[in-house]
There are 2 protein chains.
Amino acid sequence: MTRSILIADDHPLFRQALALAVGQVAPDATVLEAGTLVAASGMVAERGDLALILLDLKMPGAVGFSGIALLHAERPDVPILVVSSAEGDHAADEARAFGARGFLRKDADLAVIEDAISAALAGRTPATRRSVSSSDGASDLDPIRERVADLTPTQLKVLLAVLDGQLNKQIAHSLGISEATVKAHMTAIMRKLDVSNRTQAALVARSLGLHLRH
Amino acid sequence: MTRSILIADDHPLFRQALALAVGQVAPDATVLEAGTLVAASGMVAERGDLALILLDLKMPGAVGFSGIALLHAERPDVPILVVSSAEGDHAADEARAFGARGFLRKDADLAVIEDAISAALAGRTPATRRSVSSSDGASDLDPIRERVADLTPTQLKVLLAVLDGQLNKQIAHSLGISEATVKAHMTAIMRKLDVSNRTQAALVARSLGLHLRH
DNA sequence: GCAGGCATTCGACCATTGTCTAATGTCGTG
DNA sequence: CACGACATTAGACAATGGTCGAATGCCTGC
């Protein structure tokens, strides 16, 4: 059985470095590379044997954590390891809230990165540093943000389309479903976000850092 | 003939200081004070003899330049002097784009402030420092932002209500106009913002820093 | 296995939004 | 003063959005 691993980062050099690390841990895996979020999204949709996604936090085409949310929406079963430059401690928890399996700093030791990759491939959660919160480990994240995190994959894709200002008809076409279905998803989204129309939904989602660029 | 001057700032001490300056320039004027944007908005609506508004850039209840836009929308005829703490050069031009007559830094000399107040009362544009752009003096501000600046007063109030997620019916009620009129305004707003539905209008407006808090 | 929950799907029906046309009033210009 | 430009108002109609009920399929726990 073949398996493939997607490396999504806009810096070619860093993609190469990550590919090297992947080669050490999983020599049999096919390595896919993407420099933009849409490219990554396309590959994710095509490859059925995808086993892991390594995702840069600041990808062209996405703002904030939208990239994580989008790819996680496309394939909730594929683990995502977020690779960041030098964000704060908070970023790791937020990334997890949006669906990431683990969080790696770019300045981490190569061995740490390889460990995280093999752990994720094995289905385990990498032993990256977690929140430094004192004892309970509970997140004091925005309660609404938590609700965003448990939007279903399809719902998230619909919401991102709404953030693009698209009509239900357009969303239906691009997702290959009927307009009635899009409306049903919108109802579910609005219920989860605790709002009553799509404009409020769009504003809330954007205030949570969800947004895609063209 | 009586005239009144509104001082809108959340810091009571600074309100007092501004009131002192106003007293020097216009001893006859009635001084009104407001600590929040809604309070200021209410006073603006009530007082017909309002001659000038001194507005803090960061007022509770508003984000960015919404406060300027809102008060300017209520009474486009009343000059607004924006008083800021220590914003960049850019802020002055942006404030003007949203309807402010002049821009004052809080660390400015008292004489400068008094000059600006008397100039504004006389109907002139205060000689505060303008953009440092080389020769033409033209603004390279976002072209869409310019369009926001020439929204009519009512249109701006409608847009702010849309940013609050309100329905046309609710907007009509709170503005005391008919729903048909709100729709007409929406059409004009969307044309000026170069979008085709209210969700896009809301997103564009928010991306320009327009937003009111509850 | 099977019962319950949930995601996804959809059509029908009502609500909201947006367009078009047009009337009124105000303001500044020639 | 007359004229044009435009804000404001509004009704009728078309397009879009949102709710309800229901069917299907998947997964989990009993």
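Note that the structure is a prediction, hence the values are computed from the model and not measured. So that the names make sense, note that chain A is the first sequence line, chain B the second, and so on, each numbered from 1.
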Give the C-alpha distance, both sets of side-chain angles, the deciding distance and a yes or no for side-chain contact (heavy atoms from CB on, under 4.5 Å) between B:Ser174 and B:Gln166. CA-CA 10 Å; B:Ser174 66; B:Gln166 292 183 44; 4.0 Å; yes
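Rounded to an integer number of Å, the gap from B:Leu175 CG to D:dA7 P is 17 Å. Here D:dG18 presents its P atom at 5 Å from CE of A:Met186, a figure rounded to the nearest Å. Rounded to whole angstrom, the span from the CD atom of A:Gln200 across to the P atom of D:dG18 amounts to 10 Å.
Under the 4.5 Å side-chain criterion, counting only non-hydrogen atoms from C-beta, A:Leu175 is in contact with A:Val158. Counting only heavy atoms from C-beta outward, the side chains of B:Leu52 and B:Leu6 never approach each other to under 4.5 Å. Residues A:Leu55 and A:Val83 have side chains not in contact (no heavy-atom distance under 4.5 Å, counting atoms from C-beta outward).
Note on the helix from C:dG1-D:dC30 to C:dG30-D:dC1: terminal axis deviation equals 30°, with five pairs used at each end and the result rounded to 10°.
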Tell me, for nucleotides 7-17 of chain C in 5' to 3' order, what letter each nucleotide earns: B for a base near a protein heavy atom under 4.0 Å, S for only sugar-phosphate near one, - for neither? SSBBB----SB
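In this structure a side-chain-to-backbone donor-acceptor pair under 3.5 Å is present from A:Gln170 to A:Leu167. Here the side chain of A:Arg206 pairs no donor or acceptor atom with the backbone of A:Leu163 at under 3.5 angstrom.
Residue pairs meeting the salt bridge (charged side-chain N to carboxylate O under 4.0 Å, His left out) criterion with at least one partner in residues 30-43 of chain B, sequence neighbours excluded, are B:Arg15-B:Glu33.
For the residue pair B:Ser196 / B:Gln200, a side-chain donor-acceptor distance below 3.5 Å is found, with atom types taken as modelled.
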